[in-house]
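Lettering of chains follows the sequences in order, A, B, ..., and the numbering in each one begins at 1. Note that the structure is predicted; figures quoted are calculated from it, not measured.
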Number of protein chains: 2
Amino acid sequence: MLSNSSKYALKAVLYLAVNSTENHKILVKTLSSRINVPKAYLSKILQELSKHNLVSSTKGPKGGFYLAEENREVRLVQIVNTIDGDNRLTSCLLSLNQCNADYPCPLHDLAGKAKSNFLKNLEETTVQDLVFDIASGKSFLPL
Amino acid sequence: MLSNSSKYALKAVLYLAVNSTENHKILVKTLSSRINVPKAYLSKILQELSKHNLVSSTKGPKGGFYLAEENREVRLVQIVNTIDGDNRLTSCLLSLNQCNADYPCPLHDLAGKAKSNFLKNLEETTVQDLVFDIASGKSFLPL
DNA sequence: CTATAAATATGACTTTGGTCATGTTTAATA
DNA sequence: TATTAAACATGACCAAAGTCATATTTATAG
Ligand code: FES
Ligand code: FES
């Protein structure tokens, strides 16, 4: 459903969302040990996210990664699509084509509703929304 | 969500369900061209399914693959689990642990219902059920 | 009983996703 | 302005999924 890489990306963004601000940046090294993702690999993922303006960063001493206000409005689907590519979530379960409700495969009804529901949620939900859930104790950040 | 291999497995089983009987067996070669899956690869998948008694086969001249009556009662989840392993469908979206509703990750509610719904459907639905849908024009076999 | 047609078993090859290491650029600070 | 601490860029390496080829076993039919 989601690749390992986008799981890592989501964990990293959520950790930053909860723990960082513009004047409290976080080092890759720290992030790595906190969310339990290999440092070098996490680095590559963060750079990709940074290039697409989904997270913020500054170089040099006192630098690090953080989430600016704008980054908190990012929708989850942007993160997933940036890492996994666009059609991982929209392809049909049986063929490799787009899923098409007018010409549904036998599994379409089994998963179709679930799948489109999930996709819709990813499109509608922002990083900030998830932070609210965490803050209110509705969900927990796995480390 | 599903690996390529299990997509192929499902397509193959469905094709057999619709087009084969005990005295109308189908060659790998034929199946391969009909469902558009590389012959050698399909072979390997069918052998795996056969070993787990999810499809039937006989060797030698006039041999081939087919679905016996018992095979039509197979549940989709058996096919997927045989090919993909057991926990591809039950793992959490963020961590690598089992998904746990009592300690939900931030994505759990987003996808959790969808995911468990899909899983439940896979567990409840038999091959035969899908054949009914195809026969009644509710769904279509992608080739 | 022999020849042949099929699945089956095994393993090698290829591609892709994931992992890591090394060097380069940028910014702070002394 | 020199030093240094950090992200950034690039590419090599490894493991797993997917792909294919070859040899073996089994059953039919003549
Ligand atoms: S057509 Fe196959 S999942 Fe929608
Ligand atoms: S706990 Fe993460 S999906 Fe359920």
| field | Length of the CD-P vector between Glu48(A) and dG11(D), whole Å | value | 15 Å
| message | It should be established whether Ser5(B) places a side-chain nitrogen or oxygen under 4.0 Å from OP1 or OP2 of nucleotide dG18(D). | response | yes
| task | Measure from NZ on Lys51(A) to C1' on dT10(D) and round the result to the nearest Å. | result | 11 Å
| query | For atom CD of Gln128(A), is the number of surrounding heavy atoms from other residues, nucleotides or ligands below 6.0 Å larger than 12? | reply | yes
| query | Between dA17(D) atom P and Asp84(B) atom CG, what is the distance in whole Å? | reply | 9 Å
| request: Grab the OH-P distance between Tyr41(B) and dA17(D) for me, whole Å please. | output: 10 Å
| field | Side chains of Leu16(A) and Asn71(A) in contact at under 4.5 Å (non-hydrogen atoms) | value | no
| query | Are Tyr8(B) and dG18(D) close enough that a side-chain N or O sits under 4.0 Å from OP1 or OP2? | reply | no
| task | Using chain A heavy atoms and a threshold of under 4.0 Å, write down where along DNA chain C the contacts begin and end, 5' to 3'. | result | dG18(C) to dT29(C)
| Hey, which of Val55(A), Val131(A), Asn19(A), Val74(A) is the one that makes side-chain contact (heavy atoms from CB on, under 4.5 Å) with Leu67(A)? | Val55(A)
| Given atom CD1 of Ile45(A) and atom P of dT10(D), what is their separation to the nearest angstrom? | 18 Å
| query | NA contact type, Ser43(A), heavy-atom cut-off 4.0 Å: base, sugar-phosphate, or nothing? | reply | nothing
| request: Return the 5'-most residue of the pair Ala40(A), Lys59(A) with respect to DNA chain C, ranking by each residue's nearest nucleotide. | output: Ala40(A)
| query | At under 4.0 Å between heavy atoms, what does Lys44(B) touch on the DNA or RNA strands: base, sugar-phosphate, or nothing? | reply | base
| message | Under 3.5 Å, is there a donor on one side chain and an acceptor on the other for Ser3(B) and Asp84(B)? | response | yes
| Does Tyr41(B) reach the side chain of Ser5(B), with side-chain heavy atoms less than 4.5 Å apart? | yes
| request: May I have the distance from Gln47(A) (atom CD) to dA6(D) (atom P), rounded to whole angstrom? | output: 15 Å
| task | For the residue pair Val37(B) and Ile45(B), establish whether any side-chain heavy-atom pair is separated by less than 4.5 Å. | result | no
| How would you label the contact of Leu46(B) with the nucleic acid (heavy atoms, under 4.0 Å): base, sugar-phosphate, or nothing? | nothing
| message | Test your reading of the model: is there a side-chain donor-acceptor pair from Thr126(A) to the backbone of Asp129(A), 3.5 Å cut-off? | response | yes
| field | Asn36(B) CG - dT19(D) C1' separation (whole Å) | value | 15 Å
| field | 5′-ward residue of the pair Lys39(B)/Thr58(A) relative to DNA chain D | value | Thr58(A)
| message | Whole angstroms only, please: what is the NZ-P distance between Lys29(A) and dA7(D)? | response | 11 Å
| note | The answer to which of Pro61(B) and Leu27(A) contacts DNA chain D further toward the 5' end, by nearest nucleotide, is Leu27(A)
